[in-house]
Number of protein chains: 2
Amino acid sequence: MKRRSLEDSDCPIARSLDRIGDWWSLLIVRDALLGKRRFGDFQKSLGLAKNILTTRLRKLVADGVMTLAPASDGSSYQEYVLTEKGRELLVTLVALRQWGERHLFAPGECDNFLVDAEHGEKLAPLRIAAKDGRPLRYDEVKLTSRPRSTGARRSPRKTSH
Amino acid sequence: MKRRSLEDSDCPIARSLDRIGDWWSLLIVRDALLGKRRFGDFQKSLGLAKNILTTRLRKLVADGVMTLAPASDGSSYQEYVLTEKGRELLVTLVALRQWGERHLFAPGECDNFLVDAEHGEKLAPLRIAAKDGRPLRYDEVKLTSRPRSTGARRSPRKTSH
DNA sequence: CCGTATCCATTCCGATACTG
DNA sequence: CAGTATCGGAATGGATACGG
């Protein structure tokens, strides 16, 4: 059985992971958010084999996370730039980064930070909040599933988590 | 060359991905946050082979994301429960989920949501904010790296992204 | 019910060589 | 510089059988 029964999972988390849950893709997006655009930039930065980078970039483009654009300098090559969809992964990356800073580094060990460009201060920690803005703890969050919209069109499904 | 030169990467994102960047781990954490604790629960829910689940759970425990606890019911088995470190992955999961809901589902297709347990309303979208709370767009965020703390102890490094 | 051990197929990845 | 082509080794994943 193939592992990718998940690309159409009902769970948005699973679907997201199907797109960018692999090891390299998020790092490519990270670099792209920091301004990298060229094949060679990604390759040097990540140190991965070129053929793999090729397949990853292709998948990101196919999934609408990046687009090919004409080179910004004179050169005749193309550049890989994030789409709006891709740029919105920044939230996920910030979440990963903040978790890592908090739990995967010794105090004072981490020497690089995401900052507010204007004031140069570290970002505020991401907060999970209710609609009205009230912060929520993990145990104040629940999963609900709305019954499948219109009559019995599809075969029954389990809830998706 | 092995791919895991990243477990000690200077970049918190890379380190985080080294711990939970694999495909199954985050889904296990997801289920755990929703209350699942037993080996069999995870296995049924995720539909993965038992040996793989074993290795994943072991790694999560080794990394301090989960702990083994005595069974809450009478049984003699152990249960896997999240540590505080593990629970804090909720933010990352919410980020992935919101991205997926926004970009990977047709309008109205997604039928399950994370809600505020008290009022049953969808969570507010996560916002990236400066220290003072001001919301930031992706291009108002910058990476800085502080020079390595004390004198030239280590060999020079590139900035880590 | 909770795993461990084994086997096999597939995939992934890195290295290298090659093209425009 | 920006890829493509190919190769071999390693890791991954699923199925199954087995043991506590």
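In the text below, chain A, chain B and the rest are named by the order of the sequence lines, each starting its count at 1.
B:Tyr80 comes within 4.0 angstrom of sugar-phosphate atoms only, judged by non-hydrogen atoms across all strands, and of no base.
In terms of the side-chain contact (heavy atoms from CB on, under 4.5 Å) criterion, residue partners of B:Ala69 (sequence neighbours excluded) are, by chain and number, B:Val81. Residues passing the side chain to side chain donor-acceptor pair (under 3.5 Å) test with B:Lys131: none are found, sequence neighbours excluded.
Between the CG atom of A:Leu57 and the C1' atom of D:dT4 there is a distance of 14 Å, rounded to whole Å. One atom, NZ of B:Lys50, and another, P of D:dT12, lie 21 Å apart when rounded to the nearest Å. For A:Leu68 and D:dA2, the CG to P distance is 12 Å, given to the nearest whole Å. The distance from atom CD1 of B:Ile52 to atom C1' of D:dA11 is 11 Å, rounded to the nearest whole Å. If you measure from atom CG of A:Asp41 to atom P of D:dC1, you get 9 Å, rounded to the nearest angstrom.
No N or O donor and acceptor, one from the side chain of B:Tyr77 and one from the base of C:dC2, sit under 3.5 Å apart. You'll find a donor-acceptor pair under 3.5 Å spanning the side chain of A:Asn51 and the base of C:dG14, going by distance alone.
Checking the phosphate oxygens (OP1, OP2) of D:dT12, no side-chain nitrogen or oxygen of B:Arg56 falls inside 4.0 Å. Between B:Arg38 and the phosphate of C:dC2, there is a side-chain N or O to OP1/OP2 separation shorter than 4.0 Å. For D:dT4, one of the phosphate oxygens OP1 or OP2 lies less than 4.0 angstrom from a side-chain nitrogen or oxygen of A:Arg58. For B:Thr54, no side-chain nitrogen or oxygen approaches OP1 or OP2 of C:dG3 to under 4.0 Å.
Within 6.0 Å of CZ on B:Arg38 lie more than 12 heavy atoms contributed by other residues, nucleotides or ligands.
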Q. Which string of ( ) [ ] | and . matches DNA chain D, if you list each base 5' to 3' and count Watson-Crick or G-U pairs only when both distances are under 3.5 Å?
A. ||||||||||||||||||.|
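Distance alone, capped at 3.5 Å, places no donor-acceptor pair between the A:Glu121 side chain and the B:Ala130 backbone.
The 5' end of DNA chain C is approached more closely, in terms of each residue's nearest nucleotide, by B:Gln78 than by the other of B:Gln78 and A:Leu48.
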Q. Between A:Leu17 and B:Leu96, is a side-chain contact (heavy atoms from CB on, under 4.5 Å) present by the stated rule, with each step listed?
A. CA-CA 8 Å; A:Leu17 288 173; B:Leu96 278 170; 3.9 Å; yes
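Taking the centre and axis of the six-membered ring of A:Tyr138, the NZ or CZ atom of B:Arg87 falls inside the cone set by 45° and 6.0 Å.
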